[in-house]
Amino acid sequence: MERPDKTMYFLRIALAVAARSTCLRRKFGAVIVKGNTIVGTGYNGTAKGVVNCLEVGCIKDELDLPHDRSYDLCPAVHAEENAIINSNRADRIGAKLYIAGYDADGNYTRAYPCQRCRRKIINSEIEEVIILDEDGKPLRYRVKDWVQEDTEWYLKALREARARGKPKEGGG
C-alpha cells in the first residue's frame, strides 16, 4: 500500500469518521485540520438523544425523496455542522475542512456541502474545503468564493421575489 499524501490521508480519516453515521442513505464524515493537526471531527447523525434512522427507519425513504433535498424532514445534523460544533473557534480560523462519504452500497458519494452548511463554514472562518468526489478524487473549494456565490444567489432570488410580488401598473 502506498503512503497517501496529506490530502488523501485526511480524506481517508473523514471516511473513517463517516462510519459512525446513523444515516441509512449516505454516510459523511468531516475533519477540520489546522496546520497538520486535527482540531475537530463530525459525522451526519441526529442530535444527542434523538431517535435515529438506524433505529426506526428513514422518512425520506418512506416518502421517496431525493438525497440532496428535503433537509427539513431529516433529523440529522450534517457532518460539517458536527465538526464545527466539536471544535474550538480559534482552531477553525484559517483551517481546512475535509469531507468524504459513501452511499448505502459503499460507493463514494460527492460530499459537496449544502447551502446552510456552506454558510456555517463561511462564518467559522474555515479557509478551504476539500471533498472526495464519487470517483475517489479530491476537489478543492476556496470558502471566500462561496461568499460571492451566496450573495449573487440571494440578490437574484430577491429580484425574482420582487418581480412576482408587485402588482402590474395600470390596474386590472
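The figures here come from the full heavy-atom set of this structure, side chains too, leaving out hydrogens, waters and symmetry mates.
- Among residue pairs with one or both ends in residues 130-139, those qualifying as side-chain hydrogen bond (donor to acceptor under 3.5 Å, both in side chains) are Arg110-Glu134; sequence neighbours excluded.
- Between Thr41 and Ile32 there is no side-chain heavy-atom pair separated by less than 4.5 Å.
- The hydrophobic cluster analysis finds Ile93 isolated: no Ile, Leu, Val, Met, Phe, Trp or Tyr side chain comes under 4.5 Å of it, directly or through other members.
- Partners of Arg140 by side-chain contact (heavy atoms from CB on, under 4.5 Å), not counting sequence neighbours, listed by chain and number: Thr7, Lys96, Glu128, Ile130.
- Ring geometry for Tyr141 versus Trp146: interplanar angle of 30 to 60°, hence tilted.
- With a 4.5 Å cut-off between side-chain heavy atoms of Ile, Leu, Val, Met, Phe, Trp and Tyr, the cluster of Leu54 takes in Leu24.
- Every side-chain contact (heavy atoms from CB on, under 4.5 Å) that Tyr9 has, sequence neighbours left out, goes to Pro4, Ile13.
- Interatomic distance, SG of Cys23 versus CG of Asn44, reported as 5.5 Å (0.5 Å rounding).
- Side-chain atoms of Lys34 do not come within 3.5 Å of backbone N or O of Ala95 as any donor-acceptor pair.
- Pairs passing the ring pair (Phe, Tyr, Trp, His ring centres under 6.0 Å) check and including a residue from residues 83-107, sequence neighbours excluded, read Phe10-Tyr98.
- Every side chain to side chain donor-acceptor pair (under 3.5 Å) that Glu152 has, sequence neighbours left out, goes to Gln148.
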Can I get a per-line list of side-chain donor-acceptor pairs under 3.5 Å for residues 113-120, giving both atom names and the distance, sequence neighbours left out?
| from | atom 1 | to | atom 2 | distance (Å) |
| --- | --- | --- | --- | --- |
| Gln115 | NE2 | Asp150 | OD1 | 3.1 |
| Arg116 | NE | Glu81 | OE2 | 3.1 |
| Arg116 | NH2 | His78 | NE2 | 3.3 |
| Arg116 | NH2 | Glu81 | OE1 | 3.1 |
| Arg118 | NH1 | Pro113 | O | 2.7 |
| Arg119 | NE | Asp150 | OD1 | 3.4 |
| Arg119 | NE | Asp150 | OD2 | 2.8 |
| Arg119 | NH2 | Asp150 | OD1 | 3.1 |
| Lys120 | NZ | Glu81 | OE2 | 2.3 |

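- Qualifying side-chain contact (heavy atoms from CB on, under 4.5 Å) partners for Ala30, counting only residues two or more places apart in sequence or in other chains: Ala79, Ala83, Leu97, Ile99.
- When atom types are taken as modelled, the side chain of Asn107 and the backbone of Asp103 share no donor-acceptor pair closer than 3.5 angstrom.
- Residues satisfying the salt bridge (charged side-chain N to carboxylate O under 4.0 Å, His left out) test with Arg3, not counting sequence neighbours, are none.
- With values rounded to the nearest 0.5 angstrom, Lys48 atom NZ is found 8.5 Å from Asn82 atom CG.
- Contacts of Asp91 classified as side-chain contact (heavy atoms from CB on, under 4.5 Å), with partners at least two apart in sequence or in another chain: Val39, Asn88.
- Checked against salt bridge (charged side-chain N to carboxylate O under 4.0 Å, His left out), Asp5 has no partners two or more places apart in sequence or in another chain.
- Considering only heavy atoms from C-beta on, Phe28 stays 4.5 Å or farther from Tyr43 through its side chain.
- Here the side chains of Val77 and Thr46 are not in contact, with every heavy-atom distance at 4.5 Å or above.
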